[in-house]
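Being a predicted model, the structure only gives us computed values, none of them experimental.
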Amino acid sequence: MFEAADMRGWRGHDVVAQGHMIGELDTISVDTGTDLTSFGAVKVGMPTRHGLVFVLLDQAAVGPGYLTVCYDKSK
């Protein structure tokens, strides 16, 4: 888990799952009781036709310009 202040600058960065890019981090949802990140909305698809999927950020790892999640891209 990351504190909300740590994740503010990560909007728009790539989200990677098992070495494959899933999309771009669009929004981050924070648990207001603990001030820790809960999940993120990831923009997937083509630039002209895209959707949002929700990804849990409980075991995410941050790299330079990307965020790695522990869940398979198909989930």
Side-chain angles (χ1 to χ4, degrees):
M1 279 296 184
F2 301 98
E3 291 188 26
D6 297 337
M7 293 298 292
R8 288 186 182 141
W10 287 100
R11 187 170 184 250
H13 283 71
D14 294 340
V15 177
V16 178
Q18 297 182 346
H20 300 283
M21 183 178 146
I22 9 181
E24 179 182 300
L25 187 62
D26 188 59
T27 57
I28 300 168
S29 295
V30 176
D31 181 348
T32 57
T34 62
D35 204 28
L36 296 174
T37 57
S38 297
F39 58 91
V42 179
K43 192 184 305 181
V44 297
M46 305 303 283
T48 57
R49 187 176 175 149
H50 63 270
L52 292 175
V53 296
F54 295 101
V55 177
L56 290 172
L57 298 176
D58 59 346
Q59 296 178 10
V62 177
Y66 64 90
L67 182 70
T68 302
V69 294
C70 65
Y71 301 98
D72 185 60
K73 183 178 179 178
S74 64
K75 292 184 181 186

In one Ile/Leu/Val/Met/Phe/Trp/Tyr side-chain cluster, 4.5 Å: [X], [Y]:
{"X": "Val16", "Y": "Leu57", "result": "no"}
{"X": "Leu52", "Y": "Val44", "result": "no"}
{"X": "Val53", "Y": "Ile28", "result": "yes"}

List the steps and the verdict of side-chain contact (heavy atoms from CB on, under 4.5 Å) for Leu25 and Leu67.
CA-CA 8 Å; Leu25 187 62; Leu67 182 70; 4.3 Å; yes
When rounded to the nearest 0.5 angstrom, what distance separates CG in Asp31 from CZ in Phe39?
10.0 Å
Let me see the working for Val42 and Asp26 under side-chain contact (heavy atoms from CB on, under 4.5 Å), right down to the final yes or no.
CA-CA 5 Å; Val42 179; Asp26 188 59; over 6 Å; no
How far apart are the closest heavy atoms of Cys70 and Gln59, and which atoms are they?
SG-OE1, 3.5 Å
What heavy-atom pair brings Val62 and Trp10 nearest, and what distance separates the two atoms?
CG1-CZ2, 2.8 Å
Assess the residue pair Val69 and Ile22 against the criterion (side-chain contact (heavy atoms from CB on, under 4.5 Å)); give the C-alpha distance rounded to whole Å, side-chain angles, the decisive distance to 0.1 Å, and a yes or no.
CA-CA 10 Å; Val69 294; Ile22 9 181; 4.1 Å; yes
